Structure formats: structure tokens, C-alpha cells
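In this text, all values refer to a predicted model and were calculated from it rather than measured experimentally.
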Number of protein chains: 2
Amino acid sequence: MSNPAEEIREGLMEAMGRITSFWGFSKIMGQLYGLLYLSPKPLTLDLMSEQLSISKGNTSINIRALERWNMVRTVWVKGDRKDYYEAETDFWKIVRGVLREREKKEFDLALDSVSNLLQKSREAQKAAKTAEAAFAVERLKKLEDFIQTMDKLVGVLMTLEDLKRNLFGLTKKK
Amino acid sequence: MSNPAEEIREGLMEAMGRITSFWGFSKIMGQLYGLLYLSPKPLTLDLMSEQLSISKGNTSINIRALERWNMVRTVWVKGDRKDYYEAETDFWKIVRGVLREREKKEFDLALDSVSNLLQKSREAQKAAKTAEAAFAVERLKKLEDFIQTMDKLVGVLMTLEDLKRNLFGLTKKK
DNA sequence: CCATTTGTTTAGAAAGTTCTAAACGTTCGT
DNA sequence: ACGAACGTTTAGAACTTTCTAAACAAATGG
């Protein structure tokens with residue numbers, strides 16, 4: 001790791017590994033993405049597994065995951081049988097995709113569960129008007145409210161065409 | 001699990017377990033929180049470990065984690081040597097805390113790394129004006145921009161007193 | 001003081017995850 | 001049609017995380 005280009009590549013691989021790890025993706029996905037992001041030319045599986053010193057199988061699996069999340073796409077190079085890969089560089093698009101395919105689903109699921117429990121709780125309260133039943137209804141309602149709001153927020157972010165531009169309406173508070 | 005109150009409690013424990021798990025906390029933290037959230041009275045360690053059928057040690061560790069994130073607080077009951085615990089019910093407060101103590105730090109760290117790499121990259125470009133160096137500068141700049149924007153967003157959310165009320169300024173887009 | 005009750009720590013077991021190397025099936029050039 | 005060059009799948013090894021049971025330390029009441 002003596003030349004600067006190499007140093008920078010390694011640095012970004014490390015940083016991206018950390019980021020993907022934090023967001024619940026595998027570390028290797030981040031490293032692969034970092035490698036591709038700084039490469040002017042698309043890269044092959046073999047090249048990448050050599051660069052990261054990981055097995056070809058591992059590389060294959062993680063590249064497929066990256067493709068599944070639209071962080072990387074396949075590119076064909078004429079006259080070469082190998083698959084080539086390049087990084088998706090539109091981060092807002094990637095974020096929208098993840099919000100849509102992962103975050104939103106999780107919020108919906110949570111909302112469903114809690115709404116169901118609230119329903120049950122209200123029925124139980126009608127059947128037997130105990131203080132504990134009333135308490136449960138009140139708390140579950142509060143929780144439902146909260147999740148509903150978050151769910152709406154994600155819904156809005158998800159569909160914004162340019163998250164960045166719209167973002168700073170928020171800053172003029174007070 | 002025949003009576004309704006029990007059913008509801010178990011249901012919320014399951015839902016909260018799922019939620020905390022999704023957000024990178026332990027599942028048991030969620031289950032404990034769910035249990036406390038539906039309890040009108042503060043609960044003891046022993047009671048909770050019995051309810052969840054987990055060891056006392058495990059309960060202790062996870063309750064401490066919940067306290068660390070301000071999701072649960074300790075309560076003293078006069079004449080009893082045991083510690084009692086109750087759920088924090090202000091979700092916005094909890095979210096702000098997590099943003100401040102976890103999310104923001106991670107964004108700052110990412111921004112630092114990338115800014116550093118961009119710096120290095122610019123120096124390298126000055127030393128030797130290759131096409132590849134220019135490419136790296138351009139891409140890293142774009143990435144820095146992105147992270148910076150996200151970082152600012154988190155910063156804003158973090159300091160909003162009432163996230164909920166301010167949220168729907170966003171909806172009048174178009 | 002001592003015995004008991006309490007929360008915490010710890011060492012190792014159990015469970016879960018991720019990795020590699022090798023086997024596999026497909027495609028393509030010859 | 002054959003062999004080499006691919007990407008994918010898989011079985012099990014290596015590593016990481018999480019859990020339990022038991023040891024421990026601190027505090028309390030008698």
C-alpha cells in the first residue's frame with residue numbers, strides 16, 4: 001500500500017464497509033461497492049475477489065446482494081465472457097429503493113401488529129371494564145399513533161423525487 | 001395464554017422484539033420493553049426473567065442496555081430492596097436520543113473518512129494529473145456531498161423539540 | 001457481625017452467521 | 001462434441017454473538 005491511489009481505494013473500502021455494516025448489510029458489500037465506486041472501468045468477479053482476498057463464492061453472493069439492492073449493476077463488455085460490474089452512483093435512488101423495499105415494509109408490519117393488539121384490547125375492555133384494560137388501550141393507542149406518524153414520514157421520503165432539494169425546508173424552523 | 005390480557009402482552013412483546021431487532025438492538029430488549037410498556041406497575045428483574053423465561057443475568061444485561069438508551073428507567077419502591085423498572089413512554093425523546101448517540105456519530109465518522117480521502121485524492125491529483133486521479137476526486141466529492149446532506153438532516157431531526165408536529169410541512173410538496 | 005437477598009460478572013455452552021474450497025452446471029470457442 | 005472458463009451452490013470449518021448457570025460482590029436486616 002505505498003502508492004496514493006491504492007491507499008485511497010483501501011480507505012474507501014474500509015469506510016464503505018463500516019457504513020454498510022452499520023445499516024444492516026454485510027461489510028463485504030460495502031467493500032465491494034467502495035472498490036467499484038472508485039474504478040473508472042467495470043470490474044470482474046475474479047479481480048474483486050483478488051483485491052479483497054476473499055473467495056470467489058463469497059464475492060458472487062455479495063455482488064448479487066448488491067445487485068438486489070440496486071447498488072451495483074451488471075455490464076457487458078463485448079468479446080469477453082466474464083460479467084463486469086459497475087457501481088450505481090445515484091445515492092438518492094439507492095436510498096429510496098431501500099426505504100421502499102425494506103424500511104417501509106417493516107413499519108407497515110409493526111403498524112399492523114400494534115393496530116391488531118389495540119383492536120383486541122378495546123374488545124377486552126368492553127367485555128370487562130377493568131382499569132388495566134383501559135390502561136392497555138391508552139398505551140397501545142399512543143404507540144399506534146407514533147408508528148403511524150413514522151410510517152407516513154417514510155412514505156413521504158420514499159416518493160420524493162429529489163430528497164436533497166426538498167430537505168432544507170426543514171432548516172427554517174423557529 | 002388463554003386470557004386476553006396475557007395474549008395482548010405476548011403480542012406486544014413479539015412486536016417490540018421484532019422492532020428492536022430491526023433497529024440493531026437485541027430482541028430481548030424489545031420484549032422487555034413491551035412487557036414494561038403494558039404494565040401499570042413497575043416490575044422487578046425476577047418477575048421479568050420469569051415472564052420471558054430467560055436467565056436473571058440475561059435480563060440484567062438487557063435492562064441495563066435499555067436504561068443506557070433511556071428506554072427504561074429505575075424506580076424505587078419504599079420498603080422493598082429490589083429495583084423496579086418502568087418504561088419511558090415518550091417515543092420522540094427516545095428517538096432523539098438514539099439519533100444523537102448513535103446515528104449522528106456514525107454519520108460524522110463516515111463524513112470524516114470520506115473528507116480525508118477526498119483531501120488525499122486532491123493532493124495526489126496535483127502531484128500527477130492523471131485521468132484516474134481526476135475521476136477519484138469527482139466521485140469522492142459527490143459522496144462527500146451526499147453524506148454531508150444526510151448528516152445535516154440527522155442534525156436537524158435531532159434537535160427538533162416535537163418531531164411529530166413539524167413533520168407534515170413535508171407533505172405539502174409539489 | 002452474620003445470613004439472606006439482591007444485581008452483576010464470568011466461563012463456557014449453544015446458536016447463529018459468514019467464510020472457504022470444492023463440486024457443480026452452463027456457456028462458448030474451437 | 002469437447003474442454004476450458006465462467007458464476008453459483010453447498011457442506012462444513014471458523015468465527016461471532018448470545019445465553020445460561022454458577023460464582024461473586026454489595027447491601028440490608030436481624
Quiz item: For the base of C:dG7, is there a side-chain donor-acceptor partner from B:K56 under 3.5 Å away?
Solution: yes
Exercise. Scan A:S49 against the nucleic acid and name what it touches under 4.0 Å (heavy atoms): base, sugar-phosphate only, or nothing.
Key: nothing
Self-check item: Sugar-phosphate, base or nothing in reach of A:T59, heavy atoms under 4.0 Å
Solution: nothing
Quiz item: Out of C:dG7, C:dC19, D:dG7, which nucleotide sits closest to the side chain of A:D46?
Solution: D:dG7
Quiz prompt | Given C:dG7, D:dT9, C:dT20, the nucleotide with the shortest approach to the side chain of B:S60 | solution = C:dG7
Quiz item: Using 30° and 60° as the class limits, which term best fits the ring planes of B:F146 and A:W92: parallel, tilted or perpendicular?
Solution: perpendicular
Starting at [atom1] of [X] and ending at [atom2] of [N], how long is that distance when rounded to a whole Å?
X: A:L52; N: C:dC19; atom1: CG; atom2: C1'; value: 13 Å
X: A:I61; N: D:dT9; atom1: CD1; atom2: C1'; value: 8 Å
X: B:W76; N: D:dA27; atom1: CH2; atom2: P; value: 13 Å

Quiz prompt | Which residue lies more 5' along DNA chain D, comparing A:R64 with A:K82 via nearest heavy atoms | solution = A:K82
Quiz item: Are B:E6 and B:R9 within salt-bridge range, i.e. N to O under 4.0 Å?
Solution: yes
Quiz item: Are any non-hydrogen side-chain atoms of A:D83 and A:L45 less than 4.5 angstrom apart?
Solution: no
Practice problem: Hey, which sits more toward the 5' end of DNA chain C by its nearest nucleotide, A:I54 or A:R81? | Solution: A:I54
Quiz prompt | Distance-only polar pair, side chains of B:T74 and B:E67, donor-acceptor under 3.5 Å | solution = yes
